[in-house]
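Following: one structure in structure tokens, then a few remarks.
Residue numbers start from 1 in every chain, and the chains themselves are labelled A, B, ... in the order their sequence lines are given, proteins ahead of strands. Hydrogens, waters and symmetry mates are skipped; everything else that's a heavy atom, side chains included, is used.
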Number of protein chains: 2
Amino acid sequence: MKRKRSYARQTREALSVLGKLIRIGRMERGMTAQELADRVGISRTTLYNIEKGAPGAEIGTVFEAAALAGVRLFDQDDTALRTENARLAEKLTLLPKSVRPSRTEVDDDF
Amino acid sequence: MKRKRSYARQTREALSVLGKLIRIGRMERGMTAQELADRVGISRTTLYNIEKGAPGAEIGTVFEAAALAGVRLFDQDDTALRTENARLAEKLTLLPKSVRPSRTEVDDDF
DNA sequence: AGCATGCGTCCACTTTACTGGACATGACTC
DNA sequence: GAGTCATGTCCAGTAAAGTGGACGCATGCT
């Protein structure tokens with residue numbers, strides 16, 4: 001049977017960071033949670049959990065969401081890894097309390 | 001209901017690469033599939049699927065396996081990302097057909 | 001060669017994540 | 001303030017992932 005698991009701190013942090021990267025990438029592209037969820041093919045609830053860093057989500061959907069949000073993942077030559085992520089990561093601490101893509105203009109620098 | 005999904009090429013590649021990194025890291029540490037599975041708290045079957053790059057696996061267990069196998073994931077300052085992975089990635093193409101950690105010596109350079 | 005060990009893979013059963021809907025809250029516009 | 005839109009969060013039903021066991025095969029040891 002499937003058991004409830006515990007995760008190392010490093011694992012939880014990685015999940016949290018990836019979730020935030022996805023959220024930042026999504027907002028930068030002016031997508032609502034619903035829009036991204038539709039493109040990935042999951043419910044908004046699940047995307048919300050992914051962005052929160054839930055460990056139970058399927059890795060395929062998480063990676064797909066990341067890809068559609070512009071987050072670089074593991075590549076054959078993983079030199080490409082940092083390029084985009086590093087830029088996004090700079091904004092990790094700037095996450096607004098309640099996030100919502102501006103309706104008046106998109107692609108602002110929030 | 002849960003639907004069967006399709007994934008972008010980029011997503012499948014990321015999954016495949018991560019799986020291989022885990023396998024390489026595990027072998028470098030002289031761990032059998034069973035040992036790593038036990039430490040993560042999953043079955044050998046599931047670990048096998050993860051190393052194969054199955055998109056359905058839970059991201060928490062995949063990241064945990066990666067952490068225990070020495071693969072660096074997403075960090076707060078993601079400068080650390082490449083260091084270890086780049087070294088492992090050099091061996092991506094050298095994967096032996098049938099893998100098994102040598103019993104006589106561990107930590108060899110294969 | 002014979003034996004032991006680890007991997008590749010299948011299957012029926014069980015547990016879990018995903019879903020869709022619903023409701024509250026926060027933020028922006030008029 | 002009223003109206004709108006996006007997010008935060010909960011829940012019961014349902015489909016899918018995880019499990020343990022089993023079997024064959026490859027590899028390494030003696």
query: Are side-chain heavy atoms of B:R26 and B:E35 found at a separation under 4.5 Å?
result: no
Give the table of side-chain donor-acceptor pairs shorter than 3.5 Å for residues 62-70 of chain B, with sequence neighbours excluded, one pair per line with atom names and distance.
{"unit_1": "B:E64", "atom_1": "OE1", "unit_2": "A:A8", "atom_2": "N", "d": "3.0"}
{"unit_1": "B:E64", "atom_1": "OE1", "unit_2": "A:T11", "atom_2": "OG1", "d": "2.7"}
{"unit_1": "B:E64", "atom_1": "OE2", "unit_2": "A:A8", "atom_2": "N", "d": "3.3"}

task: May I ask you to test the A:R5-B:E58 pair for a side-chain heavy-atom distance under 4.5 Å?
output: yes
message: Closest approach to the side chain of A:R23, judged atom by atom: which nucleotide of D:dA16, D:dG18, D:dG8 is it?
response: D:dG8
query: Which of the following nucleotides, D:dT7, D:dG18, C:dC18, is nearest to the side chain of A:R26?
result: D:dT7
- request: Please state how far atom CZ in B:R5 lies from atom P in D:dA15, giving the value in whole angstrom units.
  value: 14 Å
- request: Quickly work out the B:D38 CG to D:dG18 P distance and round it to whole Å.
  value: 16 Å
- prompt: Which residue lies toward the 5' end of DNA chain C, A:K2 or B:E51, if each is placed at its nearest nucleotide?
  reply: B:E51
message: Given C:dC18, D:dT19, D:dA6, identify the nucleotide with an atom nearest to the side chain of A:T46.
response: C:dC18
query: In whole angstroms, how far is the C1' atom of D:dA17 from the CG atom of B:L47?
result: 15 Å
task: Take atom NZ of B:K52 and atom P of C:dC7, then tell me their distance rounded to the nearest Å.
output: 15 Å
task: Indicate, with a heavy-atom threshold strictly under 4.0 Å, whether A:A54 touches base, sugar-phosphate, or nothing.
output: nothing
- prompt: C:dC7 P sits how many Å from B:Q34 CD, rounded?
  reply: 9 Å
message: How would you summarise protein contacts on nucleotides 20-25 of chain C per nucleotide, using B for base, S for sugar-phosphate only and - for none, with heavy-atom distances below 4.0 Å?
response: BBB---
query: Out of curiosity, does A:M31 fall in the hydrophobic cluster containing A:I50 (side-chain heavy atoms, cut-off under 4.5 Å, transitive links)?
result: yes
Main-chain N/O of B:Q10 paired to B:E13 side chain as donor or acceptor, under 3.5 Å: no
- prompt: Between A:A33 and B:G41, who's closer to the 5' end of DNA chain D by nearest nucleotide?
  reply: A:A33
- request: Could you tell me whether the side chain of A:R12 and the main chain of A:Y7 form a donor-acceptor pair under 3.5 Å?
  value: yes
message: I want to confirm an ordering. Mapping B:E58 and A:E35 to their closest nucleotides on DNA chain D, which one lands closer to the 5' end?
response: A:E35
query: Which whole-number value in Å describes the distance from B:I50 CD1 to C:dC7 P?
result: 14 Å
message: Would you say that A:L36 contacts A:I22 through its side chain, given a criterion of any heavy-atom pair below 4.5 Å between the two side chains?
response: yes
message: Just the rounded figure in Å: distance from P of D:dT7 to CD1 of A:I24.
response: 15 Å
